[in-house]
Amino acid sequence: MSVMQGIQLIVDMIILAIFVGAVFFVIYLIFVDRKQDQHSILRNYPVLGRVRYFFEKIGPEMRQYLMQSDNEATPFSRKDYLDVVKAGKYKSRIGGFGSRRDFTEPGFYLQNSLFPNEASELEIDQTKKLNTKIYKLDNEGLFSREEHREDAHVDPYLLTDNHAVVLGKNAAHPFKIKRLIGQSGMSYGALGKNAITALSKGLGLAEGTWMNTGEGGLSDHHLKGNVDIIFQIGPGLFGVRDEDGNFSEEKFIEKSQVEHVKAFELKLAQGAKTRGGHVEAEKVTEEIAKIRNVKPFTTINSPNRFTFIHNNIDLLNFIAHLQKLSGKPVGFKMVVGNITMLEALVKDMKDTGIYPDFITVDGGEGGTGATYQELEDTVGLPLFSALPILDGVLKKNGLRDDIKIIASGKLITPDKVAIALGLGADLVQIARAMMMSVGCIMAQQCHTNDCPVGVATTDPDKEKGLVVEEKQYRVTNYVVSMHEGLFNLAAACGVKSPTEINVKHLLYRNENGEIMTGEQYVKKLYKGLEEAI
């Protein structure tokens, strides 16, 4: 027998073995599936039923990569995702051959000046270069991408001191911020330690920005980047509670004395998560349990509101108490939905003279975690409707100069941030794009502890996939690139800083092609709601 004949015989035997194995496997499936009583399709079609489940399982990935266009898919399209990744890896927002935006859809536009500002006319603090690493593409083939990282010294695009935003201007320890963009609340526990560490270090390298802890408390991982911190306090009181789950003044004062904790945010709601916080048991490691003062490996369902806050006065008194204890800015996070209750709350602020230093308004389309479908899809107004309403209510009561507004909800590119600024925001918090910067591929497994890239998981094996040293620079690049884009838009609008972008710079095109100025849009929106009340 020749060598070729021997090889052919081996190949034939392998093929025969595979065929025989497949036959026996099919017979096994038929035997098992005919006996089970849970799935009708498997009882009637054991083989085709399994094929159906296979394609059902991989369907989201197939649609994302092969079937949907760049502008399809929710909550973020492929274009959205690539916009974030390009800014993080390459510090680039440049595209070719024209926009891929659907200009037939209703939406906002910025009014450009006939005489835009030159770069030298903008008010930017470029005093200190930032050290980062940026990817350079060498070769991109069908099955591989060859690229390398290079050290880079980049302009920071910070706000100048006279344009810096100050939270708690009357506080003993006001928080001065030289960036308009920071990280929204994402807890350690919902995200793994490598993700939190990469975010902390990346934001720290970017300078002038901040990191919101989320309601899960303050960990050592948050502090590794020496970044400024907004400590979020949710109804579960994690990090500021005693063993019985009650608010602890002692622990709160302890957190307020941490150098990098610059402000506190009470979480009344997130996106449409009136459900309250939720973390699966397998995510609650002993370390996370210690930080939150709960039992390890036990599912955490925090209340959907603070159990000791029953009305507006309770809320305002608690805010005043925290302001006095800490000497630092205190605000709260809310979703705008019930306009009557919002009006009453702001009126009580005016009447009592007690008010927060800032209000974070989260659009109903926001949210990095998991919640029920009925809450996720319908409860709370989208951000671009909610923002002007909150701004208008505060102005109506003469409190707008005393209370800063932070906006959150899918503001992942400079143009979306600029629109939010025009509709009343002073600052912007971003969550999911920050996740994309540290490796999120939108697998939508955040609540299962099975995140395939090690971002939204505390599974040590999966966390290994996220290399902190590599991802931290992507966060830095993303933040800096976003601010560079904001200054580009400021120049186009004819102002010297993005802090000067306001409602007069906006246009809105409705579904009929009719154009409204930003002021007309806001007046129509708010007037209509006032009449409805």
Point-to-point distance, once rounded to the nearest 0.5 Å, from CD of Q429 to CE of M186: 10.0 Å
Give a yes or no answer on whether the side chain of S497 reaches the backbone of E500 with a donor-acceptor pair at less than 3.5 Å. no
Measure from the side-chain N and O atoms of D459 to the backbone N and O of D461, and report whether any donor-acceptor pair falls under 3.5 Å. yes
Applying ring pair (Phe, Tyr, Trp, His ring centres under 6.0 Å) to Y473 and not counting sequence neighbours gives none
Judged by atom type as modelled, is there a donor-acceptor pair below 3.5 Å linking the side chain of S256 to the main-chain atoms of I253? yes
Are Q323 and D357 close enough that a side-chain donor and a side-chain acceptor fall under 3.5 Å? yes
Would you kindly say whether Y188 and E287 are connected by a side-chain donor-acceptor distance under 3.5 Å? yes
Just so I know, are the side chains of D151 and N131 near enough to count as touching, which here means a heavy-atom distance under 4.5 Å? no
Please report the closest heavy-atom contact between F332 and P356, naming both atoms and the distance. CE2-CG, 3.5 Å
Of all heavy-atom pairs linking M341 and N338, the shortest is N-OD1, 3.0 Å
Side-chain H-bond candidate by donor/acceptor type, T127 with D125, under 3.5 Å: yes
Output yes when a side-chain donor or acceptor of R305 lies under 3.5 Å from a complementary backbone atom of I309, and no otherwise. yes
Can you say whether the rings of F175 and W210 are parallel (under 30°), tilted (30 to 60°) or perpendicular (over 60°)? perpendicular
Look up atom CD1 in I291 and atom OG in S187, then write down how far apart they are to the nearest 0.5 Å. 10.5 Å
Flag the pair R149 and E469 as a salt bridge only when some basic side-chain nitrogen lies within less than 4.0 angstrom of an acidic carboxylate oxygen. yes
Distance-only donor-acceptor hits, side chain of residues 196-206, under 3.5 Å, sequence neighbours excluded:
| from | atom 1 | to | atom 2 | distance (Å) |
| --- | --- | --- | --- | --- |
| T197 | OG1 | K193 | O | 2.7 |
| S200 | OG | H222 | O | 2.7 |
| S200 | OG | G225 | N | 2.8 |

Between CD1 on residue I403 and CG on residue L390, distance to nearest 0.5 Å: 8.5 Å
Could you give the distance from CD (Q126) to CZ (F487), rounded to the nearest 0.5 Å? 7.5 Å
If we ignore hydrogens and angles and just use 3.5 Å, is the side chain of T476 paired with the main-chain N or O of Q472 as donor and acceptor? yes
4.5 Å side-chain heavy-atom contact, P156 and H483: no
Establish, from distance only, whether the side-chain atoms of N212 and S184 form a donor-acceptor pair under 3.5 Å. no
Report the C-alpha distance between L159 and E123 in whole Å, list the side-chain angles of each, state the deciding distance to 0.1 Å, and finish with yes or no for side chain to side chain contact (heavy atoms under 4.5 Å, CB included). CA-CA 7 Å; L159 301 175; E123 295 185 4; over 6 Å; no
Derivation and outcome, side chain to side chain contact (heavy atoms under 4.5 Å, CB included), residues I419 and F384: CA-CA 8 Å; I419 293 167; F384 289 164; 3.6 Å; yes
Kindly say whether Y90 contributes a backbone atom to a donor-acceptor pair with the side chain of S92 at under 3.5 angstrom? no
Heavy atoms, side chains only, cut-off 4.5 Å: are L268 and K333 in contact? no
Any ion pair linking D391 and R400 (charged N to carboxylate O, less than 4.0 Å)? yes
Are F264 and P329 packed together at the side-chain level, in the sense that at least one heavy-atom pair is separated by less than 4.5 angstrom? no
Does D161 come within less than 4.0 Å of K178, counting only side-chain N to carboxylate O? yes
Treating S326 as the side-chain partner and L322 as the backbone partner, does any N or O pair qualify as donor plus acceptor under 3.5 Å? yes
Would you indicate whether D402, at its atom CG, is surrounded by more than 12 heavy atoms from other residues, nucleotides or ligands within a distance under 6.0 Å? yes
Approximate separation, where rounding is to 0.5 Å, of H163 NE2 and I124 CD1: 10.5 Å
Side chain to side chain, R241 and S248, heavy atoms closer than 4.5 Å: no
Between the side chain of N194 and the main-chain N/O of E463, is any donor-acceptor distance below 3.5 Å? yes
Do T360 and E265 have a side chain donor and acceptor closer than 3.5 Å? yes
For the NZ atom on K169, are there more than 12 heavy atoms of other groups (residues, nucleotides or ligands in this structure) within a distance under 6.0 Å? yes
Under a 3.5 Å threshold, yes or no: a donor from one side chain and an acceptor from the other, between D83 and T413? no
Under 3.5 Å, side chain of T209 to main-chain N/O of I181, donor-acceptor pair present? yes
Minimum side-chain heavy-atom gap M435-M442 below 4.5 Å: no
Do E484 and V154 come close enough that some side-chain heavy atom pair is under 4.5 Å? no
Ignoring hydrogens, what is the shortest heavy-atom contact between L387 and A407? Give both atom names and the distance. CD1-CB, 3.9 Å
Would you please test M334 and D362 for side chain to side chain contact (heavy atoms under 4.5 Å, CB included) and show each step? CA-CA 6 Å; M334 68 177 299; D362 210 12; over 6 Å; no
Mind listing the closest non-hydrogen atom pair of V336 and A386 along with its distance? CB-CB, 3.6 Å
To the nearest 0.5 Å, atom CZ of R179 lies from atom CG of D228 at 12.0 Å
Please determine, by modelled atom types, if E215 and Q232 share a side-chain donor-acceptor pair under 3.5 angstrom. no
Residue among E470, H148, E150, K86 satisfying side-chain hydrogen bond (donor to acceptor under 3.5 Å, both in side chains) with Y135: E470
With F318 via ring pair (Phe, Tyr, Trp, His ring centres under 6.0 Å) - residues at least two apart: F247, F308
Report yes if some heavy atom in the side chain of M436 is under 4.5 Å from a heavy atom in the side chain of V455; otherwise report no. no
How close do V453 and G439 get, counting heavy atoms only, and between which atoms? CG2-O, 3.3 Å
Is N477 reaching over with its side chain to a backbone N or O of A87, donor-acceptor style, under 3.5 angstrom? no
Determine, stepwise, if the pair I405 / L394 fulfils side chain to side chain contact (heavy atoms under 4.5 Å, CB included). CA-CA 10 Å; I405 296 177; L394 290 175; 3.9 Å; yes
In terms of heavy-atom contacts, L411 and A420 come closest through CD1-CB, 3.8 Å
